[in-house]
Amino acid sequence: MKVNVEQLKADLKSEYLGAYFGGGFGAALVSYSDVENASTEKLLQMAESFGLGISDYIEDEGEMSI
């Protein structure tokens with residue numbers, strides 16, 4: 001299984017900023033900064049907590065990127 005980590009990080013950062021600016025959730029800024037150093041497993045856990053579809057970030061290893 002290969003995970004598109006860069007897209008996952010970008011989407012998580014967007015979610016955390018939305019939680020901060022839209023909902024006034026101050027702890028979201030701390031989590032925002034944690035995204036860069038998180039393991040792939042931790043990133044997937046963060047995504048699940050936001051309700052993001054994990055399958056959107058899994059790439060088929062046999063699939064070619066253009």
Side-chain angles (χ1 to χ4, degrees):
M1 173 175 75
K2 183 177 177 185
V3 177
N4 185 339
V5 175
E6 293 308 312
Q7 184 62 51
L8 181 54
K9 285 181 178 182
D11 290 352
L12 282 169
K13 286 179 178 180
S14 178
E15 291 290 331
Y16 283 120
L17 286 179
Y20 176 72
F21 288 113
F25 183 59
L29 285 183
V30 173
S31 296
Y32 175 90
S33 63
D34 290 342
V35 169
E36 267 316 304
N37 298 317
S39 67
T40 302
E41 182 178 336
K42 181 64 178 171
L43 291 170
L44 292 171
Q45 290 172 352
M46 294 168 135
E48 282 183 332
S49 73
F50 269 111
L52 299 177
I54 301 303
S55 61
D56 295 339
Y57 303 100
I58 297 175
E59 299 175 342
D60 181 9
E61 291 183 31
E63 186 178 289
M64 293 183 66
S65 312
I66 298 177

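Heavy-atom basis, side chains included; hydrogens, waters and symmetry copies ignored. Remember, it's a predicted structure, so these values are computed and weren't measured experimentally.
For S33, there are no side-chain contact (heavy atoms from CB on, under 4.5 Å) partners two or more places apart in sequence or in a different chain. Considering only residues two or more places apart in sequence or on other chains, D34 meets the side chain to side chain donor-acceptor pair (under 3.5 Å) condition with none of them. Residues satisfying the side-chain contact (heavy atoms from CB on, under 4.5 Å) test with Q45, not counting sequence neighbours, are E41, K42. With sequence neighbours left out, the side-chain contact (heavy atoms from CB on, under 4.5 Å) criterion links L17 to F21, L29, Y32.
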Show me the side-chain donor-acceptor pairs of residues 5-15 shorter than 3.5 Å, one per line, residues at least two apart or across chains.
unit_1, atom_1, unit_2, atom_2, d
Q7, NE2, D11, OD1, 2.8
Q7, NE2, D11, OD2, 3.4
K9, NZ, E36, O, 3.3
D11, OD2, Y57, OH, 2.5
K13, NZ, E36, OE2, 2.6

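In this structure, L43 and V35 approach most closely via the heavy-atom pair CD2-O, 3.6 Å.
Going from atom CD1 of I54 over to atom CG of D56 covers 8.5 Å, rounded to the nearest 0.5 Å. Distance check, rounded to the nearest 0.5 Å: OG1 of T40 to CG of L44 gives 7.0 Å.
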